[in-house]
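Structure first, commentary second.
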Amino acid sequence: MSAVRLYCMLGGLAAVFGGELTAQVDSARERIEAMEFEPLSFEQPEPDRHEVGEVPVLVLEDHDLPLVTVLAGFEGGYGFFPRSHYAAATGLPPLLRYGGVRNMSPESVDSEIERFAIQLSFGSGGGSISSSMNVLTEHFEEAMTLWGRMLTEPAFEREEVEIWRGRQLESVRRRPDNPSSLAFSEFNHLLYGDHPIGWEMTPVDLDPEALTRERLRDVHDRIVCRDNLLLGLTGDVSWPEARPVLERFVARVPECDEPLPDPPIPDVPARPGVYVMHKESDQAVIVMAHPTDLPLADDPEYFAATIGNAVLGGGGFSSRIMERVRTEEGYAYSASSLWTTPRRYPGLLGAVTRTGPETAVAATRTILETMRGLGTEPPTKEEVQTTIDRIVNGFVFNFDNASQIVSRTMSHISQDLPENWLERYLDGVQRVRPGDVAEVFDTHLRPDDMTILVVGDTTRIGRDRLEELGPVSVLEAP
């Protein structure tokens, strides 16, 4: 039983029995208040930096469990290729997992994975693909051999390619059924146009000729090569033990024939106005934003924007948009702001919500009024400090386990951020003051320049009410 709980119990008894027990409680309180504890301290574990065959390797030993985890990140994704390669680049990670290996069928690969109890993951984004392998330490070498073959010797079995293609076609067919997915994909296309960020898979992209073995191999060979590779290692193995295993793994990865081209920088136009897409639904999805040129950087303005976004709508129930839209007006269960800060191209500043069609215009107007209100009622000291405290108090959860630490460090390296970015981030947000947040909103937030997309039942929303927000353009539903 904790001392505080004991004190509370004694206090309750004293209220009942009084007298002698009260004196005992006072004595207990004095002893509790006299207690001294060592100050809590936290030191971030830092991975060691090594190199194998000119491939950087981040290593953080963790001997709590007899497990080893290896993470591989390859620069390159569909954003580096023309639209003709979109499907092949998107399908590469799942087909590395399920498409078989040279001289091994997919079933044989699955059997080996099961035999050694290997946990694998394969993922991708527009700019990179990633994979991880986790296994008992005693099977480390066997698992690395199989995983290395899966990454470097894919068979791209036709049957598995067709299974993946069929799933994608079904996903394309079902996309219009989900108003939220439809709204976000259409909004991206509205602002980013024919740029990888604005792409959505279509049946044309999934034509069998776009997923030939030759096309898949071309994409694979351009991405899965040594110059694009970054490795991470955690778990119950020392560096001298792991090094020869990693050397054999890296030796499987060929050198890149040529460097990947720089991905295209999108030209994000300002398109103020209201865009509406009809979708019969009891919910209307509202997405609004305008371009902003504030990047992710070790800069006071970025940290002020991070705090500001939380105050405006990214901080949950305590944020202003949530307070107005949900608590005061009851228009929606949730509403939030967004402020994206990519490293190399313009981001977006805006908000999203879902509400009934009849209240779509009112909810939109409320969000815009809340944004404009930042000029007359700038963020308070309490709002800013609450956000800072939440970030600081949650900081330790960035270091739950060794794999998470190494994965985060790899992400920072791939974005050309310093390896100690989290400490710089923590220090930066703690320096933010209310005036900094007010200034960053004054510089970057333009409520009257929002591109506003409403996806919902236009017969219930009302064209005349939408026009109260600005000029209306009707978009064709897919």
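The figures here come from the full heavy-atom set of this structure, side chains too, leaving out hydrogens, waters and symmetry mates. Along the sequence shown, residues are numbered consecutively beginning with 1. This structure is a prediction, so every number in the text was calculated from the model and none was measured.
With 3.5 Å as the limit, one finds no donor-acceptor pair spanning the side chains of E382 and T386. A donor-acceptor contact closer than 3.5 angstrom links the side chains of S180 and R354.
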Which atom pairs, one a donor and one an acceptor, fall under 3.5 Å between side chains of residues 309-319 and the rest of the protein, sequence neighbours left out?
residue, atom, partner, partner atom, Å
N309, OD1, S337, OG, 2.6
S318, OG, G315, O, 3.3
S319, OG, G316, O, 2.7

Donor-acceptor pairs are to be reported for all side-chain atoms of residues 119-126 against protein atoms at under 3.5 Å, with residues two or more places apart or in another chain.
residue, atom, partner, partner atom, Å
S121, OG, S132, OG, 2.5

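A salt bridge links R372 to D448: one of the charged nitrogens lies within less than 4.0 Å of a carboxylate oxygen. E162 and R165 are joined by a salt bridge, as a carboxylate oxygen and a charged side-chain nitrogen come within less than 4.0 angstrom of each other. Between R465 and E468, no side-chain nitrogen of the basic residue sits less than 4.0 Å from a carboxylate oxygen of the acidic one, so the salt-bridge criterion is not met. Between R320 and E383 there is a salt bridge, since at least one side-chain N of the basic residue sits less than 4.0 Å from a carboxylate O of the acidic one. With salt bridges taken as basic N to acidic carboxylate O contacts below 4.0 Å, one links D205 and R83. Salt bridge R431/D436: absent, no basic N to carboxylate O contact under 4.0 Å. With respect to E200 and R175, a salt bridge is recorded, a charged nitrogen being found less than 4.0 Å from a carboxylate O.
A pairwise comparison of heavy atoms in M277 and P478 identifies SD-CD, 4.0 Å as the closest pair. Listed here is the closest heavy atom pair of F249 and G148: CE1-CA, 3.6 Å.
Residue-environment remark: CD (E328) exceeds the threshold of 12 foreign heavy atoms within 6.0 Å. Within 6.0 Å of atom CD in E377, 12 or fewer heavy atoms from other residues, nucleotides or ligands are found, so the atom counts as exposed in its surroundings. Sparse packing is recorded around CD of E439, with 12 or fewer heavy atoms of other residues, nucleotides or ligands lying under 6.0 Å away. Counting non-hydrogen atoms of other residues, nucleotides and ligands closer than 6.0 Å to CG of D464 gives a total above 12. Residue E159 places its CD atom among 12 or fewer non-hydrogen atoms of other residues, nucleotides or ligands, all under 6.0 Å distant.
In this structure T341 satisfies the side-chain contact (heavy atoms from CB on, under 4.5 Å) test together with L296, Y302, W339, sequence neighbours excluded. In terms of the ring pair (Phe, Tyr, Trp, His ring centres under 6.0 Å) criterion, F74 has no residue partners (sequence neighbours excluded). Every ring pair (Phe, Tyr, Trp, His ring centres under 6.0 Å) that H50 has, sequence neighbours left out, goes to W239.
Stacking of R326 on the aromatic ring of Y333 is recorded, both the 6.0 Å distance cut-off and the 45° axial limit being met.
Judged purely by atom type and a 3.5 angstrom limit, N420 has no side-chain atom pairing as donor or acceptor with the backbone of E423. Put simply, the side chain of R446 gets close to the backbone of P291: a donor and an acceptor are under 3.5 Å apart. One N or O on the side chain of K279 and one on the backbone of P176 form a donor-acceptor pair closer than 3.5 Å. The backbone N or O of T458 sits less than 3.5 Å from a side-chain atom of H278, completing a donor-acceptor pair. In this structure a side-chain-to-backbone donor-acceptor pair under 3.5 Å is present from R213 to F156. N228 contributes a side-chain N or O that, together with a main-chain N or O of I223, makes up a donor-acceptor pair within less than 3.5 Å. Although no hydrogens or angles enter the test, the distance criterion places no donor-acceptor pair under 3.5 Å between the side chain of S407 and the main chain of S403. For the pair S181 (side chain) and N178 (backbone), a donor-acceptor distance under 3.5 Å is absent.
Listed by first then second residue, pairs satisfying ring-ring contact (aromatic ring centres under 6.0 Å, His included) with a partner in residues 190-223 read Y86-W199, not counting sequence neighbours.
Expressed to the nearest 0.5 Å, how far CZ of R344 lies from CG of D416 amounts to 9.5 Å. Between atom CE of residue M322 and atom OG of residue S336 there is a gap of 7.0 Å, rounded to the nearest 0.5 Å. For the atom pair CG of D298 and CZ of R424, the computed distance is 5.0 Å after rounding to the nearest 0.5 Å.
Applying the side-chain hydrogen bond (donor to acceptor under 3.5 Å, both in side chains) test between E170 and each of Q168, R174, R167 identifies R174 as the sole match.
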